[in-house]
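Here the structure is laid out as structure tokens; the discussion comes afterwards.
Keep in mind that what you see is a predicted model, and the values were worked out from it rather than measured.
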Amino acid sequence: MSDPLKVSKTVSTESKTVSMLAKRQQPYLQNLNSEQLSAVEETEGPLLVLAGAGTGKTRVLTTRLSHIIHTNRARPSEVLAVTFTNKAARQMVERVAELLGRPADGLWLGTFHSIAARILRQNAELVGLRSDFTILDTDDQTRLLKQLLKSRNIDDKRWPARTLCTMIQRWKDQGLSSNNIERIEILDKGEFANGEAPSIFLDYQKRLEILNAADFGDLLAHCITIFKSNPDLLSSYQKRFKYILVDEYQDTNVAQYLWLRLLAATEDQNICCVGDDDQSIYGWRGAEVGNILRFEKDFSGAKVIRLERNYRSSGNILEAASGLIGKNSGRLGKTLWTKGDQGLPISITGTWDGEEEARLIGNEIEILQEEGQCLEEIAILVRASFQTRAFEERFLSIGIPYRVIGGPRFYERQEIRDAIAYIRMLVQPDDDLAFERIINVPKRGLGDASLQIIHQISRAKNISLNASAQLLVQTDDLSKKARNSLAKLLEDFNRWRSLIKSHTHWELLKIILDESGYTDMWLHDKSPQSPGRLENLKELVSAIEEFEGFSTFLEHISLVMDNEEGRTSQNNAIIVANDANIPTKMLSIMTLNSAKGLEFNNVFLPGWEEGLFPHQLALDENGSTGLEEERRLAYVGLTRARKQVQIFFSANRRIYNQWVSSIPSRFIDEIPSDNVIAKPVNQTTHLDNVNKAHLNVDEKWISPAGYLGTKLRPRKELNSNDVRAEWEEEPAKTRHSGSKFNSGDRVIHRKFGLGVVKHADGDKLEILFDKVGRKKVIDRFIESE
DNA sequence: GATTGTCTTTTTTTT
DNA sequence: AAAGACAATC
């Protein structure tokens, strides 16, 4: 991208006065349409930008931010910009730097949580914490709550800690901290542990304070408390943030809303919120669509600008999405339009089971590739993450490189969490949760009995577990064996702490992992995952080099929850640091939720079945509100695509090892029929699947609107023939010597077992497996026998 | 205190 | 199917 802002060192004075002049002189404004332009230039006073999908929201936001800085309305450090994801934040930083032609250092740009954490660290003592407080994740929280339940003799099977954890989180989302306990008591309907939940909540907060820890919700909750009880401090922040920008406003919860209102409660109220009520998909996390619907009332004199021209999707896609979302009530209402082509209709395909669905989508993707479509431009968006598995298996076997975005996270892995617990113990000896986690990992003969004693002392004297351990090694309360072992561990930690000055943090981490016996533990572990775990530990050691020190690292992992590269088919180890670049172009697989804000040429939407999408739980728990949110999710899915959307549903699916049959999603019928083309199931029959594919499809799968079996696809007829032809022809093609394997080689594949190479073409192999028959496989997954 | 085997359960979305 | 919880056993 060129550098539109390079123009001007002299411009800034004039540009404030005349917009037309500014427009001419500031080329970065030139490619905006008139609504976008006014959204950028209306810098003063409260502004709500209602930006439909694909209307250039991000662009407006980044340009606006650059504009404010470029015209010297504020310095970077006087601008607060909040996003929901770290990815969005990162992109914004990049694009602003691009527009300005230099990095905008000092910007307060980040997620609600990371900014709140920053503010809280500066003022932690006002809520009884030290500035080096730990940020707990859900796992820590649940463990803690479990302990509290236990101490009250509450059966944690009947009332699981996880449930309580979400309840507490929910309260915090609603802006209720432990100071509002009366209101919580009213809210709590006593359904958890006979109404003990609020009082456990109080205990929990007390524990957090002792632990010098804050959970996710506290980051905001504490900030709000601080702001409310320290007007001077609040006003210093208010003065500092001359301009506030908020992305994805429709997803703010009450706590975030209160936080923003406090910060924006100045005379000028220079707050600009960008959002789309139709894309509110985080209600389950406490998001209130009401916030966006109420904006004009909340901020007096607010202006509203609508962005309705869509630059992304084809006419068919846009109409389909609009038709669908039109079934929702209580919208602000927008009419998206485009000058683009009508494009391809949305195709709908029914399949027999999840495997067939994956197979057909795999075929479609191969066709797209042949047509020259880049894998990077294709995405599969699923409702629930278990759906990714079928695709992974399929793509592994046919050799399509993919990445699962937002899959299991690096830092959530057991070995990583253990390693992190060691670090936490190192820098924060009083971190009880870390202490508990690693005291007997690897095994040191310090089991439950010893731990109980340590607990007793710590409770009796109101000191941390570490402190209580320090006392216990002086006494005879522990068995001799346990005592020695504990003493050794404590000494080890002291020694490691003494090394902090003389060693780099990554060297030290390695030393700790080795000397503690943690590495050995996995070396001697015979389970198939242990090599991967060791690999991950190595990854962690090298990732930590990227950070200044342990504390920066800890902050990073507790706040930067997304691992941006995702889990890939190329590489099982996951990268924490931001600058890893993965060479190959890859297909993306992710949940609909995490797809928000992204766009692709081709989008596959599998699993459109009643019960899965809309999800049964959403319907059960929240009735029609739940349904509407699911519908918005569908809307988000559709509008991710530029060129083509292909929807799939399956008659049967295996869930928890049980076959479940379902009917097509109601959403399928809610898409206007003009924009849809249905693919009769029996035409989709694929060679792998000949025998079972068309069992009683016809009667069963015709949707109420009669989509199935009524229309044919205009584009390439379903490719089973093409695929077959290609399959049969391939052996005739010239074979390249570049291949690591030759025909006749005996090989092993980690999923399919033993087989014989039939053909080799570069890294693509065709193998006849002893157990599963012929498969196309990429050589990366193959080893010689 | 550790190990082994049996029984149970499984939340959709995530900062 | 897989992971976790729990009990029985070494």
Between protein and nucleic acid, restricted to nucleotides 1-3 of chain B and to nitrogen or oxygen atoms under 3.5 Å apart, what atom pairs and distances do you find?
from, atom 1, to, atom 2, distance (Å)
dG1(B), OP1, S450(A), OG, 2.8
dG1(B), OP2, A449(A), N, 3.3
dA2(B), OP1, G445(A), N, 3.2

Taking only side-chain nitrogens and oxygens of K146(A), does any of them come within less than 4.0 Å of OP1 or OP2 of dG4(C)?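 Checking K146(A) against dG4(C): no side-chain N or O falls below 4.0 Å of OP1 or OP2.
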Anything under 30° is parallel, anything over 60° is perpendicular, the rest tilted; go ahead and classify [X] against [Y].
| X | Y | answer |
| --- | --- | --- |
| Y237(A) | W108(A) | perpendicular |
| W284(A) | Y282(A) | tilted |
| F201(A) | W171(A) | tilted |
| F667(A) | F613(A) | perpendicular |

Going by an N to O cut-off under 4.0 Å, is there a salt bridge joining D353(A) and R359(A)? no
For each nucleotide in nucleotides 4-13 of chain B, reading 5' to 3', give B when a protein heavy atom comes within less than 4.0 Å of its base, S when such contact involves only the sugar-phosphate, and - otherwise. ------BBBB
Rounded to the nearest 0.5 Å, how far apart are OG1 of T111(A) and CG of L109(A)? 10.0 Å
Just the rounded figure in Å: distance from C1' of dA5(C) to NZ of K150(A).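 Going from NZ in K150(A) over to C1' in dA5(C) covers 11 Å.
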Quickly work out the L219(A) CG to dT15(B) C1' distance and round it to whole Å.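 Spelled out: CG on L219(A) to C1' on dT15(B) is 10 Å.
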All pairs passing side chain to side chain donor-acceptor pair (under 3.5 Å) where residues 603-612 of chain A contributes a residue, at least two apart: E609(A)-R653(A), E610(A)-R666(A)
Ring centre gap for Y402(A) and F391(A) strictly below 6.0 Å: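 No - the distance between ring centres of Y402(A) and F391(A) does not fall below the 6.0 Å cut-off.
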With sugar-phosphate meaning primed atoms plus P, OP1 and OP2, does K480(A) contact a base, only sugar-phosphate, or nothing at under 4.0 Å between heavy atoms? nothing
